[in-house]
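Just so we're on the same page: letters track the sequence lines, and every chain starts at 1.
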Amino acid sequence: KPWLDKKDEL
Amino acid sequence: MNVFRLLGDMSHLLAILILLLKMWKTRSCAGISGKTQILFALVFTTRYLDLFSSFISIYNTTMKLFFIASSYFTIFLMYSKFKATYDSNHDSFRMEFLVVPVGGLAFLVNHEFLPLEILWTFSIYLESVAILPQLFMVSKTGEAETITSHYLFALGSYRLLYIFNWVYRYYFDGFFDLIAVVAGCVQTILYCDFFYLYITKVLKGKKLSLPA
């Protein structure tokens, strides 16, 4: 899942 | 970015500013748990290791830098500058009871068995229980200064708003992270009785006092 690679949440 | 996450981040920022303001104005850290602040510094340090390796946005980077810097500055204020006002007798929660189990869980339950991922998972789990020494201290002293209760309300609201952000992202972006959501719900649930006391007492102008 793309989000897991880039953690965009603080 | 969505309105819930932005409000959540602003609430988190507000909490940190309220705490710094309280210590700076009163020249005291009475009623504040240094252990919770140490755990928060550990949370930010282990979560933002990708600060220099992956760039998301200016906002993301500046907020991460501020959270890390403010958490260590708070510890400096508590254990150095205002050390005389630090109430270590009431700040007696054993941090190792949190760090060790959370560390073990991060090894067992994570998305990927990689150092950065395990540290991020550790940070998420730790953040969900990091407030316990502070809540424990309030229950031991039986009361909290009004400004401290505002700090706790803003801090508790931030992760509650993040839950709305995750619902929003699930329906509109198709993103979902079970670890963050479960830990976020645990974290918010820990504030429930404080939220009740805050809304029924502090908002009515009374002092926050726990039933002895």
Point to revise | Which atom of B:F67 lies closest to which atom of A:L10, heavy atoms considered | key: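 So the two residues come closest at CE1-CD1, 3.9 Å.
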To the nearest 0.5 Å, what is the distance between CG on B:N60 and NZ on A:K7?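 So the CG of B:N60 and the NZ of A:K7 are separated by 12.5 Å.
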Within 6.0 angstrom of [X] [atom1], more than 12 heavy atoms from elsewhere:
{"X": "B:F107", "atom1": "CZ", "value": "no"}
{"X": "B:L114", "atom1": "CG", "value": "yes"}
{"X": "B:F195", "atom1": "CZ", "value": "yes"}

Report task. Examine the side chains of A:E9 and B:N165 and answer whether a donor and an acceptor come within less than 3.5 Å of each other. Result -> yes
